[in-house]
Amino acid sequence: MILIFEAVVMKITAGFLGDKMEKQLHSIIEIEQVSYRYEKEDVLENINLTIHEGAFLGIVGPNGSGKSTLLKLVLGLLKTQNGEIRLFGQEISRFKDWHKIGFVSQKANSFNTGFPATVYEVVSSGLTKKLGLFKFMKREHHMKVTQAIDSVGLLAFKDRNIGELSGGQQQRVFIARALVSDPKLMILDEPTVGVDAQNVQSFYEMLDELNKKLGITLLLVTHDIGTISDKVTHVACLNKHLHFHGKTEEFEQLKMDEMSEFYGHDVHILTHEHDHHHHHHGGSEQ
Amino acid sequence: MIAGILQYEFLQNAFLTGIIIGIIAPLIGVFIVVRRLSLIADALSHVTLAGIAASLLLEKKFIGLSGLNPLYMGMVFSVTGSLFIEKLRAVYKHYQELAIPIILSGGIGLGAIFISLADGFNTDLFSYLFGSVSAVSRADLWTILVISIFVIAMILLLYKELFLLSFDEEHAKASGIAAKSIHFIFIVMVALVIAASMRIVGILLVSSLMTLPVAASIRIAKGFKQTIFYSVLFGETSVLGGLMLSYYLDLAPGGMIVIIAVLILILTILIKKLTVKVAV
């Protein structure tokens with residue numbers, strides 16, 4: 001079963017571009033033969049993944065599939081043990097332009113909601129590192145902040161305290177905070193945790209706009225296969241190995257019952273081997 | 001009273017010092033409160049007490065040290081205490097709040113030993129506990145002025161970093177900010193402000209001047225800068241009102257200052273309730 005998925009050839013970029021054009025697109029992230037193990041447990045095995053400029057890639061996988069480890073490796077929070085990661089064409093250990101990468105963590109939801117700060121102030125804090133020590137915001141920075149708030153559709157809320165906003169709106173604030181330093185790549189870790197179902201749809205529409213209008217490459221990690229499949233341009237299924245990576249249309253073409261079988265089956269193996277507590281994802285949602 | 005201020009140096013000292021600490025105590029207090037470190041101020045003020053007691057003891061036992069200003073020893077103890085708190089918070093990663101009772105009781109314990117070694121002190125100690133209108137010297141005023149210029153400058157210069165560290169410590173670290181160094185500077189500033197403020201409000205009530213105005217401010221402010229503004233406004237009102245009342249009624253200023261701060265807090269809670277009702 002797994003062989004079928006690994007056999008799917010990865011084709012990247014939008015369909016209307018010819019094959020020759022494809023090769024000229026810059027790769028933003030290149031992951032080559034990366035494996036990672038904690039103590040005795042293999043978390044990632046031989047991962048190969050390339051993300052090109054302008055893509056909106058969703059990485060799906062159940063809990064314990066190595067998603068967070070992969071993110072930490074890409075963000076440089078963990079050091080690679082085997083294989084190589086290149087960001088914007090540069091080896092990760094030599095990569096310096098971290099401001100090109102915006103990160104929105106799942107934990108953004110667990111901040112102190114009583115904190116007395118306006119949306120504007122929170123978004124401004126995204127410039128802290130870029131401005132540097134002892135530097136103050138200038139007019140151009142204030143314009144950037146307003147723009148970022150506008151592009152997540154919260155301009156009317158800019159002077160509200162962040163605690164007064166809904167979970168979905170708060171997550172948009174954190175997207176704006178990441179946007180304000182002009183990232184080329186934005187990495188989102190389970191961004192819709194804590195966002196109510198009604199607003200998840202419009203949240204993804206906003207991401208879609210960032211991707212299409214501002215040309216920001218997006219990498220989104222989630223355990224929820226159902227909600228992302230019609231939003232992203234590319235999908236990668238991760239469960240220690242990379243089982244599928246390709247365009248969303250190809251992913252959709254896979255027979256869904258096979259998909260769920262694979263997904264459930266593989267989760268089961270993981271449970272068996274590592275005695276993990278787990279939830280079933282994917283299958284039931286299809 | 002105005003005439004009194006113009007006439008007597010001790011009143012000038014008290015009021016100028018009051019105006020200064022009315023700014024810096026709530027200013028640093030905002031960062032303490034939003035980082036949920038309110039009790040650190042309490043712990044450090046009790047360590048400062050140990051320093052004062054040590055200084056008074058030395059003064060009593062050694063005639064040669066009679067000119068020793070207890071403020072300095074208080075500061076040394078307070079800053080040392082803040083470093084210990086940081087060390088303990090690192091040791092007890094999962095029980096970080098443990099550092100506070102450890103340092104607090106350690107401070108009182110040391111203070112009690114020093115006081116009994118000296119066979120008790122005169123009324124001096126009372127003024128350190130609850131503040132005093134008459135005890136602030138010109139030298140104290142200068143020391144406190146230097147401290148506050150340092151603290152205000154640091155907060156202005158590190159405002160972005162302090163804000164980010166307070167709002168989202170994890171993000172601050174992930175974005176590559178020197179979180180450890182900035183936190184270190186912050187905690188030393190807290191220790192200095194406590195030592196500076198205790199002359200007016202007294203050791204036992206210092207932490208309330210850092211937290212009560214902020215607690216009131218958070219109820220009504222929109223945003224962080226407004227929170228700082230209202231905190232300083234409420235703090236200043238409490239200090240000046242408290243000093244004036246205690247001068248006329250001949251009471252310890254610390255008590256008056258704190259009671260005014262409590263009244264402001266109650267008022268803001270009531271106002272907030274009323275405005276919410278009106279809005280509904």
Side-chain angles (χ1 to χ4, degrees), chain A residues 71-72 74-78 95-137 141 145 157-164 170 173-174 177-178 180-181 183 187 189, chain B residues 26 29-38 153-182 185-186 211 213-232 234 268 272 275-276 279:
Chain A
L71 276 196
K72 281 181 187 160
V74 169
L75 288 165
L77 299 171
L78 286 176
F95 185 71
K96 290 278 182 307
D97 301 326
W98 288 104
H99 64 89
K100 284 185 183 170
I101 302 178
F103 178 51
V104 178
S105 70
Q106 173 183 3
K107 289 214 172 128
N109 282 310
S110 60
F111 74 103
N112 166 15
T113 47
F115 197 95
T118 61
V119 169
Y120 195 88
E121 287 173 322
V122 173
V123 174
S124 304
S125 76
L127 285 168
T128 307
K129 180 66 185 172
K130 203 179 185 186
L131 279 167
L133 273 177
F134 311 137
K135 297 268 171 46
F136 297 98
M137 279 172 70
H141 301 117
V145 172
F157 297 86
K158 76 178 170 66
D159 295 319
R160 293 270 194 98
N161 274 353
I162 184 156
E164 296 171 29
Q170 285 171 357
V173 174
F174 294 114
R177 180 176 70 176
V180 79
S181 58
I187 298 177
D189 186 7
Chain B
V30 172
F31 293 95
I32 296 177
V33 170
V34 296
R35 296 188 67 186
R36 301 173 194 259
L37 297 174
S38 302
M154 284 320 267
I155 288 181
L156 277 178
L157 288 172
L158 295 175
Y159 176 80
K160 300 192 302 301
E161 286 77 11
L162 285 170
F163 175 85
L164 188 59
L165 204 58
S166 311
F167 180 71
D168 192 342
E169 195 165 341
E170 206 153 298
H171 186 83
K173 284 177 183 158
S175 62
I177 284 170
K180 267 194 180 163
S181 324
I182 288 167
I185 294 171
F186 171 74
T211 50
V214 184
S217 172
I218 282 181
R219 300 296 306 171
I220 56 168
K222 280 251 175 290
F224 199 67
K225 284 188 177 143
Q226 224 180 72
T227 304
I228 293 178
F229 174 78
Y230 282 124
S231 301
V232 171
F234 295 156
T268 54
K272 178 85 179 183
T275 51
V276 168

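All values below were derived from every heavy atom in this structure, side-chain atoms included, with hydrogens, water molecules and symmetry-related copies excluded. Each chain gets a letter, A, B and so on, in the order the sequences are listed, and its residues count up from 1.
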Honestly, the part of B/S217 sitting under 4.5 Å from a heavy atom of chain A is neither
Option that, when pairs with chain B are counted at under 4.5 Å, heavy atom only, ranks first among A/A117, A/G76, A/S124:
A/A117
Considering only heavy atoms, which portion of A/Y120 lies under 4.5 Å from any heavy atom of chain B: side chain, backbone, both, or neither?
neither
Within residues 224-232 of chain B, which positions have a heavy-atom distance to chain A below 4.5 Å?
B/F224, B/K225, B/T227
Min side-chain heavy-atom separation B/I177-A/L133 under 4.5 Å:
no
Which one of A/S125, A/G132, A/P116 has the most heavy-atom pairs closer than 4.5 Å to chain B?
A/P116
Residue A/F134 versus chain B: region with a heavy atom under 4.5 Å
both
For A/L77, is it the side chain, the backbone, both or neither that has a heavy atom under 4.5 Å from a heavy atom of chain B?
neither
Heavy-atom closest pair (A/F103 atom, B/H171 atom, distance to 0.1 Å) is O-CE1, 4.2 Å
First locate atom NZ of A/K129, then atom CD of B/E161, and finally report the distance between them rounded to the nearest 0.5 Å.
9.0 Å
For the side chain of B/K160 and the backbone of A/M137, is there at least one donor-acceptor N/O pair under 3.5 Å apart?
no
Are the side chains of A/D159 and B/K222 in touch, meaning some heavy atoms are under 4.5 Å apart?
no
Note: vs chain B, highest number of non-hydrogen pairs under 4.5 angstrom among A/T128, A/T118, A/I162, A/L131 is A/T128
